[in-house]
Each structure stands twice: as structure tokens, then as C-alpha cells.
Amino acid sequence: MRNKILDLLKHQQGEYVSGESISDTLNITRAAVWKQIQGLKEAGYDIEGQTRRGYRLLKTPSALDEWALQQDLRTEALGRRLLLFEELPSTNDWLKSLALQDAEHGTVVIAKRQNFGHGRMQRLWESPQGGVWLSILLKPRLSLADAAKLTLSTGVALAQTFKELYGLEVGIKWPNDLVYEGKKIAGILGEVAGEWNAVQSLILGVGVNANFPLQQLSPELAATTLLEIVGQEVNLNGLAATFLYNLEKETHSLEQGDLQGLIRRWTSFAVGINQPVRIDRAGTVYTGVFKGIRENGELILSHEGREMAFSSGEVTLRAEGQYSPN
Ligand code: BT5
């Protein structure tokens, strides 16, 4: 009913719709219309009501909202099936179980907050209200090796989104942390659902620290939020929709085999290229210059006159005076 009312208001494109015509069209009482409109206002919809003329929709909410997000979507597949929850333990875990029940390519699960969000190696991911915590199910036409590169695509899509929407230069810190002035603003977790060869399902989890103050996160984290940087709340539906659009574009480009383009875009956002770094592999520290990544996502280190490659699972990367992960 709520969405039907919104559809009617949207259809009038900012013009008034009388309470009577809403109640006639939807076959509900005027009082029920009024109640629904109150609910929408509480959810952040800016709806003007005038006694004689009726209602008109002025603005959709900036908080996460299924209808508003659907309006902002410009994708073919990503987010066309969208499930929004007030709270979940973890959107990745939820989507994983949907994937096992054969959910379709592009299904997106979003939660307003998570109570058991996680990062790589089951590290805890703090997910208070006001962030964008979402997971996307992809069944790409790619080999397993190429599909693994979609985490790189996700980083690029996110960095592009920050740039497009807020003019922010958010960097990608290898392998795939999004950082602003050395502080983490978003994280990415790619997981395979079930047996890869059997179902070919990849789950991409993305967490963006958006509309909440830094005090909501543990003080020891080297983190920041969009609210801190931009100085005001951003529209989370627009943020999610733009990101999904950019990710779909990246996915298509990878499916068409443009790996070089991906590496180029990734490198253009990468933090610390051609700078001295320290790499810790199982307790052994390698110092050298960070030269970029290989096509398989491995980091290239110029170390004592030769090039060494490191994969993300086995090392931690640190740059002096810069953000360092765990
Ligand atoms: C990541 O892991 O950065 C991937 C985070 C992915 C989260 C999304 S939210 C939606 C979906 N559902 C999930 O359950 N997960 C995904 P990693 O690189 O392992 O970094 C984890 C580390 O980041 C933690 O150990 C903390 O040090 C730090 N951290 C935790 N919460 C943070 C936050 N909100 N902002 C910045 N850093 C945080």
C-alpha cells in the first residue's frame, strides 16, 4: 500500500494528488490514506499536504529506503531484486543462504545495521545505523580466476562513486580498503557461495561508513565516515544506487575481457604506488617500492633490484606514516 501511494505521487511528478483520488484508486479510506502519509513522513519523505489540493511528493528520504533506492537505480540486473532489513547479523551471510536457494544474479541484501558484520578472516566489522552495509550476488560469466578480480572492480566502483557524488579523492589501499587521508572509510569482502564450480556464485560485501559520527566506532580504529568528511548527511539511496551502477559497468567490462582497463583504473586510485612500503609475510619483513599489481591482483614489490609478487592472503602491507591495517 505504501509503495502504491508513492507510485501515485511519483506519477504526478511533483503535482498534487487529492486524498480522495488516492482513496478511490487504492480502495482505502481517507483516514487510511492520511495514516500512510504520516508513516511516509516519519520515514523521511518530504510530502506536502494542502487541504484542498491534496498531497505532493517533494523529496525522497536520505536514509535507506527500498522504494527510494529503486527509483534511483539505473542498473540492468544489480539491485533489481532488493531486500532491505532494519538489522541483520551480516548481509553477506544472509545472501549466502539465499544463494544456496538459487537467488538470481544481481540480488542485493542491505541492512541498516549489522550486529555481526565481518571482514576478512572473520574479523569484526562495526556496522552502526547510518552506514551502507550491503551484499551483492553475482553469477558472472567469468572463470574463477577472473571472478576473483571482481573485488578489484568493487574497489574501483566505490572509489568512482565517492568521486562522482562528493568530489572526494578516496584511495584504494591494496588489496581493497578504501581510505581517505589514511583512514578507512569502506571495506570489501568477496566470498564464494557454495561450491564454485557447481553454482558460480560470488558474494561481494561492501561496508561504507556514511551517515554516522566517528564516535560510533571503536576509538582504536583508523577509520573515518562520510559525515565527518562531507560535514552533512548524504543520501544513502543515491550512494547505493550509484555504486551498483558503477559496479555493473565494471562487471561488464571484465566480462568483455578488459582486464587492462581494470588494472589501469585500479592503479589510478591506488594509494602508495612508487612509494616505499614494508611487507610482512609470515613474520619476514620485505622492504621495497610498491610498483602496482599484476593481472591476478598480486602486489608487485621492487625489492633489492628485483620484482617480487605477493598475494593478499599471505601478507600485510604497511607504509611509513600511513594507514596500516591489522
Ligand atoms: C574488510 O575487512 O574491510 C571488509 C569489510 C566488509 C564489510 C561488509 S558490510 C556488508 C557485508 N556484510 C558483512 O558481514 N561484511 C560485509 P578487513 O580488511 O578484514 O578489515 C576488518 C578490520 O577493519 C577490522 O579488524 C577493524 O580493524 C577494521 N574495522 C572494523 N569495522 C570498521 C569500520 N566500520 N570502519 C573502518 N574500519 C573498521
Side-chain angles (χ1 to χ4, degrees), residues 64 78-79 82-99 107-138 148 150-155 157-159 162 170-193 201-229 236 239-240 243-244 247 271 280 297 299 311-318 322-326:
L64 285 171
L78 302 202
L82 184 77
L83 302 162
L84 173 64
F85 296 84
E86 287 298 314
E87 179 169 302
L88 279 182
S90 150
T91 55
N92 261 40
D93 294 351
W94 194 268
L95 189 52
K96 227 180 280 172
S97 57
L98 287 182
T107 301
V108 168
V109 171
I110 308 189
K112 293 189 179 175
R113 51 184 188 275
Q114 297 181 119
N115 53 40
F116 196 59
H118 49 86
R120 293 172 296 154
M121 294 170 273
Q122 292 301 316
R123 292 172 187 146
L124 197 69
W125 181 259
E126 299 184 15
S127 320
Q129 181 98 11
V132 175
W133 322 120
L134 70 78
S135 300
I136 308 135
L137 175 63
L138 294 181
L150 282 167
T151 54
L152 299 175
S153 312
T154 309
L158 264 178
F162 292 128
V170 170
I172 306 175
K173 179 168 182 306
W174 184 86
N176 47 27
D177 284 346
L178 277 289
V179 295
Y180 182 79
E181 293 181 348
K183 292 177 178 154
K184 189 157 167 176
I185 188 164
I188 297 166
L189 175 67
E191 294 182 288
V192 168
S201 293
L202 184 72
I203 290 174
L204 289 172
V206 171
V208 183
N209 298 333
N211 290 348
F212 57 85
L214 206 47
Q215 291 77 353
Q216 301 269 323
L217 296 175
S218 303
E220 69 274 14
L221 296 180
T224 188
T225 76
L226 278 174
L227 181 64
E228 297 291 324
I229 303 168
L236 300 185
L239 168 58
F243 162 65
L244 291 173
L247 179 62
V271 174
D280 186 335
L299 176 144
S311 75
S312 59
E314 56 178 5
V315 300
T316 58
L317 167 73
R318 290 175 203 279
Q322 276 191 336
Y323 165 78
S324 19
N326 305 281

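Counting starts at 1 for both ligands and their atoms, in listed order.
- For D93, no heavy-atom contact with ligand 1 is shorter than 4.0 Å.
- A donor-acceptor pair under 3.5 Å is formed between the side chain of T225 and the backbone N or O of F212.
- Counting heavy atoms under 4.0 Å from ligand 1, residue N92 touches it through both backbone and side chain.
- Of the heavy atoms in N209, only side-chain atoms (C-beta onward) come closer than 4.0 Å to ligand 1.
- Every heavy atom of S127 sits 4.0 Å or more from the atoms of ligand 1.
- With E87 as reference, R113 is the one residue of R113, K112, Q129 to meet the side chain to side chain donor-acceptor pair (under 3.5 Å) rule.
- Considering each of K183, E126, K184, K173, the one bringing a non-hydrogen atom nearest atom 1 (C) of ligand 1 is K184.
- Contacts with ligand 1 closer than 4.0 Å are made by heavy atoms of both the backbone and the side chain of H118.
- Within the structure, ligand 1 lacks T224 among the residues with a heavy atom less than 4.0 angstrom away.
- Contact annotation: for N176 versus ligand 1, there are no heavy atoms closer than 4.0 Å.
- For the pairing with V109, the side chain to side chain contact (heavy atoms under 4.5 Å, CB included) check across L98, L84, I136 returns one residue only, L98.
- Counting heavy atoms from C-beta on, the side chains of V170 and I229 never come closer than 4.5 Å.
- Under 4.0 Å from ligand 1, the heavy atoms of Q114 that appear belong solely to its side chain.
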